[in-house]
*Asks:* 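Dumping the structure here so I can ask a few things about it.
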Amino acid sequence: MRRRDFIAAVGGAAVCPLLARAQQNPQMNDPRHPDGKPWQWPEPTWRRITDRARAGRSLRPATWPGGARCAIALSFDADHDTIPLRDADESPMRISQGQYGNRQGVPRIRALLARHGVPASFFYPAVSALLYPDEVRTVAHEGHEIGIHSWIHEANTTLPAEAERDLTFRAAEVLEKLAGRRPAGIRTASWDFSVSTLGIIRELGLLYDSSLMADDDAYEIEADGQPTGVVELPPEWIRDDSPYWNFVRFSTLRPYTPPSAVLEIFLAELDAAWEEGGLFLLTMHPHISGHRSRIGVLDRVIQHAKNKSACWFATLEQVARWCKEQAG
Ligand SMILES: [Zn+2]
């Protein structure tokens with residue numbers, strides 16, 4: 001189904017503002033493309049598109065630190081209030097759903113990580129960090145990583161290149177001030193990595209990105225066939241809480257998956273990563289997974305990894321650094 005038809009079928013902008021904006025996205029759907037319709041494109045046109053931020057050499061290491069068999073990278077996208085703010089949605093109810101992430105989600109997650117003694121990576125939109133500066137300071141102080149996650153959870157593919165660059169640079173400054181340390185990595189909001197994003201990452205000198213999905217394990221991103229030195233740590237919606245649980249009142253899309261089913265999927269991913277000697281990278285959102293009925297999923301994932309033994313719990317920065325060093 002074409003994107004435009006899909007949007008119409010599910011009800012238009014009221015259903016998903018991001019999709020509705022993507023409909024206008026010149027990168028995705030521009031009828032004025034200089035090379036005409038996609039079926040008319042000459043080979044250099046589609047090769048240029050596929051080569052823009054391509055998976056290059058695998059960076060899966062032969063071994064993990066301490067002889068571990070598997071790396072466990074837990075990540076939390078602390079979007080909080082920025083999801084409705086991004087959509088210019090002033091509803092106090094939807095803002096309150098974001099604040100839940102600060103009041104209940106992050107404290108529960110921090111307590112759980114402390115109880116298990118494992119580190120994690122927290123990705124903050126700058127506006128979320130500015131709303132809750134003490135949270136960012138505390139999370140950083142407890143030894144967790146703070147990474148870039150946009151300015152206000154904007155969709156990069158809908159922005160002019162210069163706006164994306166300006167917002168990303170300013171977001172890095174905000175997080176550096178609050179965390180006391182320059183971020184080493186980025187996760188684009190909604191994993192919406194635009195045609196400009198790789199250039200911005202290189203200009204910022206970041207170690208890694210965690211938005212692209214060409215592999216299960218770490219790889220080096222290539223730009224136009226050339227290695228960039230930027231490590232990609234691939235996420236996937238399979239290992240993300242939001243597709244299973246993110247409820248939007250005025251939407252026909254209302255997933256309400258039992259926590260036991262989500263746990264089953266996450267553990268299947270973890271077990272396979274362990275078998276292959278690879279990376280298990282999990283993405284969760286404090287305002288989604290921090291609820292009483294769901295926080296146990298994270299607890300059981302961590303406990304499962306501990307029971308298997310030979311699992312290295314690490315921040316994404318530590319994983320990226322290790323993979324890059326091992327690859328030489
Ligand atoms: Zn996010």
*Asks:* Does Asp240 reach the main-chain N or O of Ser242 with its side chain, forming a donor-acceptor pair under 3.5 Å?
*Replies:*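 Present.
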*Asks:* Between His33 and Trp41, is the ring pair (Phe, Tyr, Trp, His ring centres under 6.0 Å) condition met? List the steps.
*Replies:* CA-CA 10 Å; His33 193 286; Trp41 289 349; 4.8 Å; yes
*Asks:* Starting from the C-alpha separation in whole Å, work towards a yes-or-no answer on side-chain hydrogen bond (donor to acceptor under 3.5 Å, both in side chains) for His287 and Asn102.
*Replies:* CA-CA 8 Å; His287 72 286; Asn102 164 260; over 6 Å; no
*Asks:* Side chains of Thr283 and Phe76, heavy atoms from C-beta outward: is any pair under 4.5 Å?
*Replies:*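 Counting from C-beta outward, Thr283 and Phe76 never come under 4.5 Å.
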*Asks:* Using modelled atom types and a 3.5 Å cut-off, is there a donor and acceptor pairing between side-chain atoms of Ser121 and backbone atoms of Glu145?
*Replies:*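 Absent.
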*Asks:* To the nearest 0.5 Å, what is the distance between CG (Leu316) and CG (Leu233)?
*Replies:*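 Here the rounded value is 5.0 Å.
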*Asks:* Run Asp35 and Thr45 through side-chain hydrogen bond (donor to acceptor under 3.5 Å, both in side chains) and show every step you take.
*Replies:* CA-CA 8 Å; Asp35 294 332; Thr45 300; 2.6 Å; yes
*Asks:* Provide the closest heavy-atom pair for Met284 versus Leu298 in the form atom of the first, atom of the second, distance.
*Replies:*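 For Met284 and Leu298, the tightest heavy-atom pair comes out as SD-CD1, 3.8 Å.
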*Asks:* I need the minimum non-hydrogen distance between Asp192 and Ala155, along with the two atoms involved.
*Replies:*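 Between these two residues, the closest heavy atoms are OD2-C, 3.2 Å.
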*Asks:* Could you tell me whether the side chains of His153 and Asp87 share a donor-acceptor contact shorter than 3.5 Å?
*Replies:*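 No, Asp87 and His153 have no side-chain donor paired with an acceptor closer than 3.5 Å.
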*Asks:* Please report the shortest heavy-atom distance between Gly229 and Glu220, naming the atom on each side.
*Replies:*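 Taking every non-hydrogen atom into account, N-OE2, 2.7 Å.
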*Asks:* For residues 166-176, run the donor-acceptor check on the side chains, cut-off 3.5 Å, and write out each pair with its distance to 0.1 Å, sequence neighbours left out.
*Replies:*
unit_1	atom_1	unit_2	atom_2	d
Asp166	OD2	Arg170	NE	3.3
Asp166	OD2	Arg170	NH2	3.4
Thr168	OG1	Glu164	O	2.6
Glu176	OE1	Arg182	NH1	2.8

*Asks:* Is it true that atom CD of Gln40 has more than 12 heavy atoms of other residues, nucleotides or ligands lying nearer than 6.0 Å?
*Replies:*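 Enclosed.
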*Asks:* Verify the ring-centre separation between Tyr256 and Phe247: is it less than 6.0 angstrom?
*Replies:*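 Yes, ring centres under 6.0 Å apart.
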*Asks:* Can a salt bridge be assigned to the pair Arg60 and Asp216 using a cut-off of 4.0 Å between side-chain N and carboxylate O?
*Replies:*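 No, no charged N to carboxylate O under 4.0 Å.
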*Asks:* Is the shortest distance from a Lys or Arg side-chain nitrogen in Glu325 or Arg321 to a carboxylate oxygen in the other one below 4.0 Å?
*Replies:*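 So Glu325 does not pair with Arg321 through a salt bridge.
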*Asks:* Considering only distance and modelled atom types, tabulate donor-acceptor pairs under 3.5 Å from the side chains of residues 261-271, sequence neighbours left out.
*Replies:*
unit_1	atom_1	unit_2	atom_2	d
Glu269	OE1	Arg239	NH1	3.0
Asp271	OD1	His304	NE2	2.7
Asp271	OD1	Lys308	NZ	3.1

*Asks:* Hey, is Glu222 close enough to Arg54 for a salt bridge, meaning N to O under 4.0 Å?
*Replies:*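 Salt bridge absent between Glu222 and Arg54.
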*Asks:* One thing to verify: whether Glu276 and Arg69 come together as a salt bridge, which I'm taking to mean a side-chain N less than 4.0 angstrom from a carboxylate O.
*Replies:*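 Salt bridge absent between Arg69 and Glu276.
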*Asks:* Could you walk me through whether Tyr124 and His149 pass ring pair (Phe, Tyr, Trp, His ring centres under 6.0 Å), step by step?
*Replies:* CA-CA 5 Å; Tyr124 278 90; His149 194 52; 9.1 Å; no
*Asks:* Give a yes or no on whether the backbone of Ile95 and the side-chain of Gln97 come within a donor-acceptor separation of less than 3.5 Å.
*Replies:*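 No.
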*Asks:* Tell me whether Leu206 is reachable from Leu178 by hopping between hydrophobic residues (I, L, V, M, F, W, Y) whose side-chain heavy atoms are closer than 4.5 Å.
*Replies:*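 Same hydrophobic cluster.
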*Asks:* Would the number of heavy atoms belonging to other residues, nucleotides or ligands and lying under 6.0 Å from CZ of Arg292 be above 12?
*Replies:*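 For Arg292, atom CZ is not crowded (no more than 12 foreign heavy atoms under 6.0 Å).
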*Asks:* Going hydrophobic residue to hydrophobic residue with side-chain gaps under 4.5 angstrom, can you get from Val106 over to Leu85?
*Replies:*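 Yes, it is one cluster - the side chains of Val106 and Leu85 are joined through contacts under 4.5 Å.
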*Asks:* Should Tyr132 and His80 be marked as a ring pair (Phe, Tyr, Trp, His ring centres under 6.0 Å) after you check the CA-CA gap, both sets of side-chain angles, and the distance that decides it?
*Replies:* CA-CA 9 Å; Tyr132 308 108; His80 299 342; 5.3 Å; yes
*Asks:* Kindly work out whether a path of hydrophobic side-chain contacts (I/L/V/M/F/W/Y, heavy atoms less than 4.5 Å apart) joins Val230 to Leu59.
*Replies:*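 No, Val230 and Leu59 fall in different hydrophobic clusters.
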*Asks:* If hydrophobic clusters are built from ILVMFWY residues whose side chains come within less than 4.5 Å, do Phe123 and Leu282 share one?
*Replies:*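 Different clusters: Phe123 never reaches Leu282 through Ile, Leu, Val, Met, Phe, Trp or Tyr contacts under 4.5 Å.
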*Asks:* Report, as yes or no, whether the 6.0 Å neighbourhood of atom NZ on Lys177 holds more than 12 heavy atoms from other residues, nucleotides or ligands.
*Replies:*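 For Lys177, atom NZ is not crowded (no more than 12 foreign heavy atoms under 6.0 Å).
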*Asks:* Could you check, using the six-membered ring where one of them is a Trp, whether His144 and Phe122 have ring centers closer than 6.0 angstrom?
*Replies:*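 That pair passes the under 6.0 Å test.
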*Asks:* Indicate if Val319 and Val118 have the same hydrophobic cluster label, given that clusters are the connected sets of ILVMFWY residues with side-chain heavy-atom separations under 4.5 angstrom.
*Replies:*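 Val319 and Val118: separate clusters.
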*Asks:* Between Gln303 and Asp299, is there a side-chain donor-acceptor contact under 3.5 Å, judged purely by atom types and distance?
*Replies:*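 No, Gln303 and Asp299 have no side-chain donor paired with an acceptor closer than 3.5 Å.
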*Asks:* Any donor-acceptor pair under 3.5 Å linking the side chain of Thr82 with the backbone of Asp79?
*Replies:*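 A pair under 3.5 Å: yes.
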*Asks:* Counting only heavy atoms from other residues, nucleotides and ligands, does the tally under 6.0 Å from CZ of Arg52 exceed 12?
*Replies:*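 Buried by this count: over 12 neighbours within 6.0 Å.
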*Asks:* Decide whether Arg187 and Ser75 meet the rule of one side-chain donor and one side-chain acceptor closer than 3.5 Å.
*Replies:*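 Present: a donor and an acceptor within the cut-off.
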